Enquirer: 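One structure follows; several queries about it will come next.
Scope of the values below: all heavy atoms of this structure, side chains included, with no hydrogens, waters or symmetry mates. In what follows, chains are A, B, ... by sequence order, proteins preceding strands, each numbered from 1. Owing to the predicted nature of the structure, the values given are computational and were not obtained by experimental measurement.
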Protein chains: 2
Amino acid sequence: MTRSGKRTTIVDIARQAEVSISTVSRVLNGRPVADEVLATRVRKAATELGYRPNMVARDFRRGVTSTIGVVVPDLANPFFPHVLKGLAEEVSAGDHRLLVVDSGEDADQELQLVAQLAGSCDGIILCSPRMPQSSLATLPALGVPIVCTNRSVGDLPFGTVGIDSASGMRQAVAHLAQLGHQQIGYLGGPGTSWSDGLRREGLSTAAADLGVSVSSTEAGSTSDDGHAKLPELLDQGVTAVIAFNDLVAIGALARLRELEMDVPSRLSVVGFDDIPVAAFLGPPLTTVSLPKEELGRRAWAGLHQQLETGQVPQEELLPASLVVRHSTAAPAD
Amino acid sequence: MTRSGKRTTIVDIARQAEVSISTVSRVLNGRPVADEVLATRVRKAATELGYRPNMVARDFRRGVTSTIGVVVPDLANPFFPHVLKGLAEEVSAGDHRLLVVDSGEDADQELQLVAQLAGSCDGIILCSPRMPQSSLATLPALGVPIVCTNRSVGDLPFGTVGIDSASGMRQAVAHLAQLGHQQIGYLGGPGTSWSDGLRREGLSTAAADLGVSVSSTEAGSTSDDGHAKLPELLDQGVTAVIAFNDLVAIGALARLRELEMDVPSRLSVVGFDDIPVAAFLGPPLTTVSLPKEELGRRAWAGLHQQLETGQVPQEELLPASLVVRHSTAAPAD
DNA sequence: GTCTAATCAGACAACGTTTTCTCAGCCACT
DNA sequence: AGTGGCTGAGAAAACGTTGTCTGATTAGAC
């Protein structure tokens, strides 16, 4: 501390080490300094005074924020924290901070949050954005590089990285078909979800290919939704159900328990995401595992590239793979 | 945009509105301006030029960061996102940003992260910190106000807000005792967890008061831990098990299913936290519900107060309450 | 020994904003 | 009518850092 109550700055160091401010800056930033004597004097003074750089001033001068914004629809959905973990890992390695905001599954608030974030971020990652295409189209005007996950953005200049849900769905349907199921139900996600669109598409083509019939309903993304909408599918005589995600599957499982219908003997259930509890459910859930951490990592890679080169990265699609546990079996017949 | 490629600044506005820079600043910050004509000229120019303030410059000048750091042990643990939601709600209302970092349940990394965060935050909220008291004691030197949740900090100058886990535990034990259980097992949390200490304390006093006996083990905070450690308790002949949290309880439930021991007829299970899936498990989990969002809100209140007044707020304790579902019943005898 | 070239530390401007200070203008009161 | 006080807009400094530019010092070549 200097005599004044303020924080120590490079000026204090310069004074104490009897060198110029520029030299302090150079030493502290590891730029080449010829005179090793000066350098050590500076470093000594810095530690003596307990110097810690003022990041805000540094960012201000450099014209950056060193901050990346991430918008997720719902942190309480176990899917997103995993994406964040993958993201955080890489982002902090690149000396950036991560500003996380939760839009509460609200498309309007999502749009507002992005606009607000844009003011204090070098770049933004939109996880599974729920906003309509028309809102999405307003974002380039913010002048901030944006990468979307789990969403196609038309010809908007955004990087995108998604998961090949269609393929995952094909694997799930193939698995069920092989077990002998002829009638499959789909507990679909929210209509605003791009992934849900992909999954429905994969479902119908796979079903057509394999000669099984499909009933589907729009449920949502929570366990409550799965719990509420399952009977609708049961009425249609399905022998297996695929859920939009594991949470919905958990809701369905709970309803089946109430109805005293055993899983998998009376009904097979397949989830999506492979959240950690999936392996511990009763029965352990067969589900399509998605590379969540990798999704985060690739999103950062795309954004990073755009920040460095100005080039909008190409669209990317990550593979999904079915994990067979014990919630699926041959139909009772 | 001005002719140069740069972003528009208040200088551009001043030029266009033909007023001084100070006036622009005053108008834009809503400070009293006498001449309404000037004010409207400024506002008009600002919208025409599409002005968006440079937050970094503003924060720099004001000597603040407008950012609050939050450290959580594991985002994938469903407990924390709820705390964050309560927190985020209030924090963003106060024109602050939330910087969230995940320490991966690693005490060393936790300490490092806090030190790093300190450089770019006005204040820090430590959620259930896992670091030892000795590390905690080094934090005041960072010169940043800190509030801890779920942790007593001795005489360190931190605000703290916790949950009365001991009372929750008493309720759980009372519930089980009333059902007729005489032998209760506890699947404890990580030794570094303060909450776990509180819970053990509440458990032993409640057990003594009610005349039931207790066996306990140190499991951890994940479903894997519960799954692995449950047999240890079963060997001791308990008729009911209380888990450190719902995730651990889920692991226990899974193990019981494997062992074909029905819940609650063969063993009663009680969790802690009341995470959303708890209600959908098989059977729906009796658990001690914790005010997670409120915890976040109170933490911010404490930090906010400290930032405004410089006064370290008093320790706070929030109530917990048992939610009885279907994983508990009278013992088989 | 002198002149040129090269090297490197120090002086200083700049980043965009807020805020303090200055001073012009006006009103009211003597 | 002159002066004192007051209001409010404009000028300018300041925040801490980085980076460009300048000037000095030294080494090398003739």
Enquirer: Nearest to the side chain of B:Ser20, which nucleotide is it out of C:dT17, D:dT18, D:dG10?
Expert: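 Looking only at side-chain atoms, B:Ser20 lies closest to D:dG10.
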Enquirer: Would you indicate what A:Val19 reaches in the nucleic acid, counting non-hydrogen atoms under 4.0 angstrom: base, sugar-phosphate, or nothing?
Expert: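 A:Val19: backbone/sugar contact only, no base atoms under 4.0 Å.
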Enquirer: What is the distance from CZ of B:Arg58 to P of D:dG16, rounded to the nearest Å?
Expert: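 Spelled out: CZ on B:Arg58 to P on D:dG16 is 19 Å.
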Enquirer: Could you tell me the separation between the CZ atom of A:Arg26 and the P atom of C:dA11, rounded to a whole number of Å?
Expert: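 Value for this atom pair: 11 Å.
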Enquirer: Ignoring hydrogens and angles, state whether a donor on the side chain of B:Ser20 or B:Thr23 is under 3.5 Å from an acceptor on the partner side chain.
Expert: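 Distance-only check passes for B:Ser20 and B:Thr23.
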Enquirer: Assign B:Pro32 to base, sugar-phosphate, or nothing according to its heavy-atom contacts below 4.0 angstrom with the strands shown.
Expert: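 Answer is nothing: B:Pro32 stays at 4.0 Å or more from every strand.
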Enquirer: Closer than 4.0 Å, any side-chain N/O of B:Ser25 to the OP1 or OP2 of C:dT18?
Expert: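 Yes, within the criterion.
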Enquirer: Stacking between B:Phe60 and D:dC15, defined as ring centres under 5.5 angstrom apart with planes under 30°, is that present or not?
Expert: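 Given the distance and angle limits, yes, they stack.
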Enquirer: Are A:Gln16 and A:Glu48 close enough that a side-chain donor and a side-chain acceptor fall under 3.5 Å?
Expert: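 Side-chain D/A pair, A:Gln16 to A:Glu48: present.
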Enquirer: Could you tell me whether the side chain of B:Arg7 has a donor or acceptor atom within less than 3.5 Å of a complementary atom in the base of C:dG16?
Expert: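 Per atom types, no contact qualifies.
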Enquirer: Is any side-chain N or O of B:Tyr51 closer than 4.0 Å to OP1 or OP2 of C:dT17?
Expert: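 True: B:Tyr51 side-chain N/O within range (under 4.0 Å) of C:dT17 OP1/OP2.
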Enquirer: Do B:Leu84 and B:Leu75 touch side chain to side chain, with heavy atoms closer than 4.5 Å?
Expert: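 The answer is yes; the side chains approach within 4.5 Å.
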Enquirer: Please lay out, stage by stage, how B:Ser152 and B:Trp194 fare under the test side chain to side chain contact (heavy atoms under 4.5 Å, CB included).
Expert: CA-CA 7 Å; B:Ser152 72; B:Trp194 175 76; 3.1 Å; yes
Enquirer: Would you kindly give the CG-to-C1' distance between A:Asp59 and C:dT17, to the nearest whole Å?
Expert: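 My rounded result for the distance is 16 Å.
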Enquirer: Any side-chain N or O of B:Arg62 under 4.0 Å from OP1/OP2 of C:dT18?
Expert: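 Result: yes.
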Enquirer: Could you check how far CG of A:Leu38 sits from P of C:dC8, rounded to whole Å?
Expert: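 One finds 12 Å between P of C:dC8 and CG of A:Leu38, rounded.
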Enquirer: Can you confirm whether A:Thr160 sits close enough to A:Thr149 that some side-chain heavy atom of one is under 4.5 Å from a side-chain heavy atom of the other?
Expert: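 In short, these two side chains do not touch, never coming nearer than 4.5 Å.
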Enquirer: Between B:Asn54 (CG) and C:dC15 (C1'), how many Å, whole number?
Expert: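 It is 9 Å, rounded to the nearest whole Å.
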Enquirer: When the distance from CZ of A:Arg52 to P of D:dT17 is rounded to whole Å, what number comes out?
Expert: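 Taking CZ of A:Arg52 and P of D:dT17, I get 12 Å after rounding.
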Enquirer: Is there a donor and acceptor pair closer than 3.5 Å between the side chain of B:Arg61 and the base of C:dT18?
Expert: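 Such a pair exists between side chain and base.
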Enquirer: Which listed nucleotide (D:dA9, C:dT18, C:dG10) is nearest to the side chain of B:Asn29?
Expert: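 It is C:dT18.
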Enquirer: For the side chain of A:Ala34, starting at C-beta, report the closest nucleotide among C:dG10, C:dC8, C:dT19.
Expert: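 Per side-chain heavy atoms of A:Ala34, the pick is C:dC8.
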Enquirer: Rounded to the Å, how far apart are B:Ile10 CD1 and C:dC15 P?
Expert: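 Interatomic distance, CD1 of B:Ile10 to P of C:dC15: 13 Å.
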Enquirer: Check the distance between C:dA13's C1' and A:Ile21's CD1 and give it to me in whole angstrom.
Expert: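 Taking atom C1' of C:dA13 as the reference, CD1 of A:Ile21 is at 12 Å.
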Enquirer: Would you mind telling me which of D:dT18, D:dG10, C:dA11 lies closest to the side-chain atoms of B:Ser22?
Expert: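 Nearest nucleotide to the side chain: D:dG10.
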Enquirer: Can you find a donor-acceptor N/O pair under 3.5 angstrom joining the side chain of B:Arg31 to the base of D:dG8?
Expert: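 Result: no qualifying N/O pair found.
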